[in-house]
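Everything below concerns the one structure shown next.
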There are 2 protein chains.
Amino acid sequence: MPDRSSSAANRSTARRTPLSVDVVPLTPHGRQLTTLLVRAADPRSRQRWELPWDAMRGDETLDDAAARLVRAALGTAPGLLEQIAAFGDRQRHPADAMVSVAYLALVAEGTAVPIGGDAAWFPVDELPPISPRQRAMVDGAMRAVRMRLDQSPIAFSLLPQTFTLSQLQEVYELLLGRRLHKASFRRALHASWLVEPTDEWRSEGRGRPAQLFRYAPRKRRGGRRGVRFEGLGVAAAERS
Amino acid sequence: MPDRSSSAANRSTARRTPLSVDVVPLTPHGRQLTTLLVRAADPRSRQRWELPWDAMRGDETLDDAAARLVRAALGTAPGLLEQIAAFGDRQRHPADAMVSVAYLALVAEGTAVPIGGDAAWFPVDELPPISPRQRAMVDGAMRAVRMRLDQSPIAFSLLPQTFTLSQLQEVYELLLGRRLHKASFRRALHASWLVEPTDEWRSEGRGRPAQLFRYAPRKRRGGRRGVRFEGLGVAAAERS
DNA sequence: TGACATTAGTCACAATCCGTGACTAATTCG
DNA sequence: CGAATTAGTCACGGATTGTGACTAATGTCA
């Protein structure tokens, strides 16, 4: 979020920021995906929640600004920081910016603890009222996460260095919004050479201890497959 | 491209545009994908090529500005117009814009004919020198096209209303950069309910005439499949 | 006119992939 | 100890898919 010195001052002098950079931090929290909201820096609306945002400074790049915002809000570097899109419609935004560039920041569960009561994690489907443009950013972030799930090692950015396969499966189920079959999941995972076992085991309360794995992608051989048209077209009614 | 009245004037008065909107128009041209470049509007560098771009005007949205640019450059509406990303590093850009928002415009082959010698289609892998940021936009457009190929009906935007299945397959081969097997391609296509046959046939010179199809996605039923890890990880050396 | 080249379109087989239920293994709790 | 709980594996059958060979319809050219 904008720290007190710069952009908040700009706003209070009624200068409209032409361009803002906004971050959507995401982390799993139990069985829900949550995003970080902070109290508005503007003293006139301190009871409102908003995504961390600020104007660009000096000769910063967009990526620089996004990284700075995450550092300021979380105190730590994210597992993955990626641009989502630029939002340039007329929806309201805390900065009244003409254009806002949104970033997605993925953080492992439990790594980042917001300091004090000025920030809190909210489940993405139970957000308090925020500005329409930032609301669209959260939706866009969710869409981006789902679309890139099989192109980018997103799931591993939401987990600690080492994890159990059940944890990994839970993250996939969280992001996809549906249950997966254990045997299929593991068969596909082993075929992909994405993880390697460590020699540690974790006993998580009751039940058999689980082996810990780490993300370690290896070269995979195998011919390219044909075209998949499955993502196109109109999906029929989902069966429960 | 910026028409003479507005942005060129801005630039000649040495005002740095903070934000530009740039378009990457793509169309197949024979066996190659081509992009449209125009002569620089700036009278001091009229021999340079650039992607169509301009600053935002009045209370235009980003999408408005992109649509206006395409209309000005092609004289027609594109089959698909989609934002790629915002470019905000320090690479040089014709406008010296701090941030440039790039759009992808897909046009059916042969639809749009640039008027006069101020615009021309260039194969994307044989571009003349253009500014580094616009060069990155073209690369980004290609990546975006390939990534969204199975999420968005991109291939159909590059074809006329009706087309033969061989034409469709050629577009897929062009975008994927590899050959596909005819029987597999058609089997998958029929299973996806994306196209429907018309009662027209086209005889394209020699060989058996081909039936014409149109894009007409239908509701598809079928349970969701498991997770695919194939897009992740490091691909082994391609075999020729 | 009739072989041949060329492009469209289909078929069927084998190999692989994948959903699924049932199974074994290792631990905690009472 | 036995029930409950979680981890991990196996194997069957059906679905998917790579592939080569086939038929069909046209133009070309001797």
Side-chain angles (χ1 to χ4, degrees), chain A residues 30-31 150 159 162-173 176 178-214 220-233 238-240, chain B residues 30-31 150 159 162-173 176 178-214 220-231 238-240:
Chain A
R31 296 226 168 247
D150 55 346
L159 288 171
T162 64
F163 47 83
T164 69
L165 296 188
S166 295
Q167 280 182 293
L168 181 60
Q169 183 174 342
E170 273 165 28
V171 169
Y172 269 93
E173 291 178 343
L176 291 172
R178 60 194 166 95
R179 303 297 307 272
L180 298 172
H181 193 278
K182 185 171 47 160
S184 292
F185 182 80
R186 292 177 183 216
R187 191 205 291 130
L189 185 63
H190 280 116
S192 72
W193 295 94
L194 284 177
V195 298
E196 68 182 15
T198 69
D199 26 0
E200 290 179 278
W201 296 70
R202 167 185 306 162
S203 72
E204 186 81 48
R206 49 208 153 282
R208 171 174 168 179
Q211 191 167 16
L212 290 177
F213 288 75
R214 77 166 60 88
R220 226 166 351 112
R221 60 187 61 253
R224 294 288 163 281
R225 308 287 297 273
V227 196
R228 317 255 182 186
F229 296 99
E230 307 187 1
L232 297 179
E238 191 97 27
R239 53 169 185 185
S240 62
Chain B
R31 295 226 168 249
D150 55 347
L159 288 171
T162 64
F163 46 83
T164 69
L165 297 189
S166 295
Q167 279 182 294
L168 182 59
Q169 182 174 343
E170 274 166 26
V171 169
Y172 269 93
E173 291 177 343
L176 292 171
R178 60 194 164 96
R179 303 299 307 272
L180 298 172
H181 192 278
K182 185 172 45 159
S184 293
F185 181 80
R186 293 178 182 215
R187 192 205 292 129
L189 186 63
H190 280 116
S192 72
W193 293 94
L194 284 178
V195 298
E196 69 183 14
T198 69
D199 25 1
E200 290 179 277
W201 295 72
R202 166 186 306 161
S203 72
E204 186 82 49
R206 48 208 155 283
R208 170 176 170 177
Q211 190 168 17
L212 290 177
F213 288 75
R214 76 165 62 86
R220 228 168 349 114
R221 57 188 62 255
R224 295 287 163 281
R225 308 286 299 272
V227 197
R228 317 254 182 186
F229 296 99
E230 308 187 359
E238 190 97 27
R239 52 169 184 183
S240 61

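Every value quoted in this text rests on a predicted model; they were computed, and no experiment measured them. Chain identifiers are assigned alphabetically (A, B, ...) following the order of the sequence lines, protein sequences preceding nucleic acid strands; residue numbering begins at 1 within each chain.
Judged as a side-chain contact (heavy atoms from CB on, under 4.5 Å), and not counting sequence neighbours, the contacts of B/Arg202 are B/Thr164, B/Gln167, B/Glu204, B/Leu212. Scanning for salt bridge (charged side-chain N to carboxylate O under 4.0 Å, His left out) contacts around A/Arg214 gives A/Glu196, with sequence neighbours left out. With sequence neighbours excluded, the residues forming a side-chain contact (heavy atoms from CB on, under 4.5 Å) with A/Leu165 are A/Arg186, A/Leu189, A/Phe213, listed by chain and number. With sequence neighbours excluded, the residues forming a salt bridge (charged side-chain N to carboxylate O under 4.0 Å, His left out) with A/Glu173 are A/Arg179, listed by chain and number. Under the ring-ring contact (aromatic ring centres under 6.0 Å, His included) criterion, B/Phe163 pairs with B/Phe156, not counting sequence neighbours. With sequence neighbours excluded, the residues that form a salt bridge (charged side-chain N to carboxylate O under 4.0 Å, His left out) with B/Arg225 are A/Glu230.
Between the C1' atom of C/dC18 and the NE2 atom of A/His181 lies a distance of 11 Å, rounded to the nearest Å. Atoms CD (A/Gln169) and P (D/dT6) sit 14 Å apart, rounded to a whole Å. For the pair A/Gln211 CD and C/dT27 P, the computed distance is 13 Å after rounding to whole Å. Atom CZ of A/Arg179 is separated from atom C1' of C/dT20 by 14 Å (rounded to the nearest Å). Atom CZ of A/Arg202 and atom P of D/dA7 are 11 Å apart (whole Å). Separating the CZ atom of A/Phe229 from the P atom of D/dT16 is a distance of 15 Å, rounded to the nearest angstrom. Per the geometry, CD belonging to B/Glu230 stands 15 Å off P belonging to D/dT16, to the nearest Å.
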Each nucleotide N or O in nucleotides 14-16 of chain C that has a protein N or O under 3.5 Å away: list the pair and distance.
none

Could you go over nucleotides 23-26 of chain D and give all protein N or O partners under 3.5 Å, atom names and distances?
residue: D/dA24; atom: O4'; partner: B/Arg208; partner atom: NH1; Å: 3.3
residue: D/dA24; atom: N3; partner: B/Arg208; partner atom: NH1; Å: 3.4
residue: D/dA25; atom: N3; partner: B/Arg208; partner atom: N; Å: 3.4
residue: D/dT26; atom: O2; partner: B/Gly207; partner atom: N; Å: 3.4

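Annotation: proximity of residues 183-199 of chain B to DNA chain D (heavy atom, distance under 4.0 Å) is found for B/Ala183, B/Ser184, B/Arg187, numbered in ascending order.
Smallest separation of non-hydrogen atoms from A/Phe229 and B/Ser192: CB-CB, 3.5 Å. Nearest heavy atoms, B/Arg178 versus A/Arg224: NH1-CB, 3.4 Å.
Mapped onto DNA chain C by nearest heavy atom, B/Lys182 and A/Arg228 fall at different nucleotides, with B/Lys182 at the one closer to the 5' end. Comparing A/Arg225 and B/Phe213 against DNA chain C, the residue whose closest nucleotide sits nearer the 5' end is B/Phe213.
Within 4.0 Å of A/Ser166, counting heavy atoms only, lie sugar-phosphate atoms of the nucleic acid but no base atom.
The bend of the helix from C/dT1-D/dA30 to C/dG30-D/dC1, defined by the angle between the axes of its first five and last five pairs, stands at 10° to the nearest 10°.
Checking C/dG9, D/dG8, C/dC17 against the side-chain heavy atoms of A/Leu165 singles out D/dG8 as nearest.
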